[in-house]
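Written out below as structure tokens is the structure these notes cover.
A, B, ... follow the sequence lines: proteins, then strands. Residue 1 opens every chain. Owing to the predicted nature of the structure, the values given are computational and were not obtained by experimental measurement.
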Number of protein chains: 2
Amino acid sequence: MTLPSTYADRNCSLARSLEIVGERWTLLIIRDVFFGVRRFGDFATQLKIPRAVLTNRLKFLVQEGVLIRDDDATGGVEYRLTAKGVGLWPVVRALMSWGDAFYSPSGVKRAERHDQDGGLLDHEGRCQDCGLAVPVPEIRIEPGPGFDRTDSDHDPVSVAINTPRRLLEPIMRPRTLSAAGEGERGATRAAERADSPA
Amino acid sequence: MTLPSTYADRNCSLARSLEIVGERWTLLIIRDVFFGVRRFGDFATQLKIPRAVLTNRLKFLVQEGVLIRDDDATGGVEYRLTAKGVGLWPVVRALMSWGDAFYSPSGVKRAERHDQDGGLLDHEGRCQDCGLAVPVPEIRIEPGPGFDRTDSDHDPVSVAINTPRRLLEPIMRPRTLSAAGEGERGATRAAERADSPA
DNA sequence: CATGCTCAGTTCACTGACTGAACTGCTCCT
DNA sequence: AGGAGCAGTTCAGTCAGTGAACTGAGCATG
């Protein structure tokens with residue numbers, strides 16, 4: 001699956017998509033990016049994914065134009081979604097909805113809201129208050145009724161992504177917070193990236 | 001991934017879903033079932049998947065309640081979707097849409113229509129003619145503008161699933177056709193299964 | 001009853017990918 | 001110079017996927 005075109009069916013967009021995002025870990029990495037994770041080490045600790053695999057996946061996703069990699073002001077490396085990557089949100093949403101429906105009897109584990117008016121989103125991403133199809137940067141994600149606080153992880157990254165937040169907004173880890181202005185500038189960039197090239 | 005709970009994140013429905021349908025081949029098998037494939041040998045030839053892997057995947061999907069396995073009248077084995085399995089259609093649709101959008105410049109490879117009135121479905125599965133959210137058994141799938149007839153496979157199963165047809169309707173291979181009434185009875189059962197327990 | 005067919009599934013040797021832990025090399029901070 | 005944080009790399013062990021050949025049940029035919 002690492003090499004190009006391992007599914008024979010050249011005439012199926014499902015097979016094509018799975019060549020990109022169908023490998024183990026890939027969609028979880030992408031979910032984390034939606035939730036604001038951007039740094040190699042944060043993916044590694046939050047997902048407990050072997051670093052070698054993480055390296056491969058990130059490289060591949062960058063090569064495929066799903067993520068972009070660049071050095072931030074502090075010299076660190078950041079991975080962010082391209083418009084193509086943002087286009088995967090319906091895929092993530094569909095899988096989450098299915099998992100919620102069949103494996104989370106007490107309700108959804110995460111709810112989506114329209115950040116502008118607080119309305120809940122339905123399965124298609126439409127705001128139940130204003131009726132609009134809400135673009136990804138305006139989606140606010142938060143723990144839902146099925147979220148289990150007792151067994152949630154306690155590393156800073158997990159805590160951050162389990163806090164209500166807008167998609168794509170970078171998480172602020174202790175160090176990043178202390179670096180003056182870093183958090184806010186990052187957030188602005190995230191919004192730009194997701195909005196304009198789409 | 002074959003064993004239970006290999007993704008650590010117990011609080012994420014995405015991880016939960018991927019434990020079920022995230023393995024290589026799994027979603028392609030499920031797509032084939034939506035397209036009417038039901039028999040072990042047909043999956044094997046159409047997907048060119050190693051038979052040992054196919055055995056494992058089918059077993060696992062049956063065990064997880066995504067498929068049911070039973071013997072048909074002729075003593076053959078059939079795999080069909082449960083309501084839980086039918087619930088995966090939005091996942092398949094989302095992945096197909098993404099693949100169409102970013103890897104099929106000449107248009108979608110497969111289009112969905114409302115079988116009742118012939119209206120095209122949008123990304124959320126809503127009929128653009130009548131405005132309804134179309135249930136899976138009423139969806140008609142057909143080759144779209146991006147479908148490439150020149151390199152489509154020519155085995156009977158591929159030919160069958162590339163013919164416009166309703167989802168879940170069993171494909172009729174030569175032998176099945178000759179068995180009197182088999183095809184129609186199969187179709188009826190498919191509709192029952194998908195409709196009533198949902 | 002012997003022969004041959006289809007079909008579902010198993011077996012097996014091989015290969016390639018994943019795993020986890022330790023290590024490298026870079027930059028910033030003091 | 002010394003230490004800490006970070007982004008990877010390396011490596012030996014293991015496990016899962018691959019492809020081809022095989023098994024065994026059920027059916028049909030002569």
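Put simply, CD1 on A:Ile49 is 16 Å from P on C:dA17, counting in whole angstrom units. If you measure from atom CD of A:Glu23 to atom C1' of C:dA17, you get 10 Å, rounded to the nearest angstrom. In this entry the distance linking CG of A:Leu47 with P of C:dT19 reads 12 Å, nearest Å. Between A:Leu54 atom CG and C:dG20 atom C1' the separation is 14 Å, expressed in whole Å.
Hydrophobic clustering of Ile, Leu, Val, Met, Phe, Trp and Tyr side chains at less than 4.5 Å, counting indirect connections, keeps A:Val108 apart from A:Ile161.
For the pair B:Arg126 and A:Glu124, the salt-bridge criterion is met [side-chain N within less than 4.0 Å of a carboxylate O]. Salt bridge absent: B:Asp100 and A:Arg16 never bring a charged side-chain N and a carboxylate O closer than 4.0 Å.
A:Arg24 has a side-chain polar atom (N or O) that falls below the 4.0 Å cut-off from OP1 or OP2 of C:dT19. OP1 or OP2 of C:dT19 has at least one side-chain nitrogen or oxygen of A:Trp25 nearer than 4.0 Å.
Within the cation-pi definition used here (under 6.0 Å to the ring centroid, within 45° of the axis), A:Arg38 does not qualify as a partner of A:Tyr79.
Here salt bridge (charged side-chain N to carboxylate O under 4.0 Å, His left out) pairs that include residues 86-96 of chain A, with residues two or more places apart or in two chains, are A:Arg93-A:Glu112.
Remark: A:Phe40 pairs with no residue by the ring-ring contact (aromatic ring centres under 6.0 Å, His included) rule, at least two apart or across chains.
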Are any protein N/O atoms closer than 3.5 Å to N/O atoms in nucleotides 7-9 of chain D? If there are, list each pair with its distance.
| unit_1 | atom_1 | unit_2 | atom_2 | d |
| --- | --- | --- | --- | --- |
| D:dA7 | OP1 | A:Arg39 | NE | 3.3 |
| D:dA7 | OP2 | A:Gly41 | N | 2.8 |
| D:dA7 | N7 | A:Arg51 | NH2 | 3.1 |
| D:dG8 | OP1 | A:Arg69 | NH1 | 2.6 |
| D:dG8 | OP2 | A:Arg69 | NH1 | 3.3 |
| D:dG8 | OP2 | A:Tyr79 | OH | 2.6 |
| D:dG8 | N7 | A:Arg51 | NE | 3.1 |
| D:dG8 | N7 | A:Arg51 | NH2 | 3.2 |
| D:dG8 | O6 | A:Arg51 | NE | 3.3 |

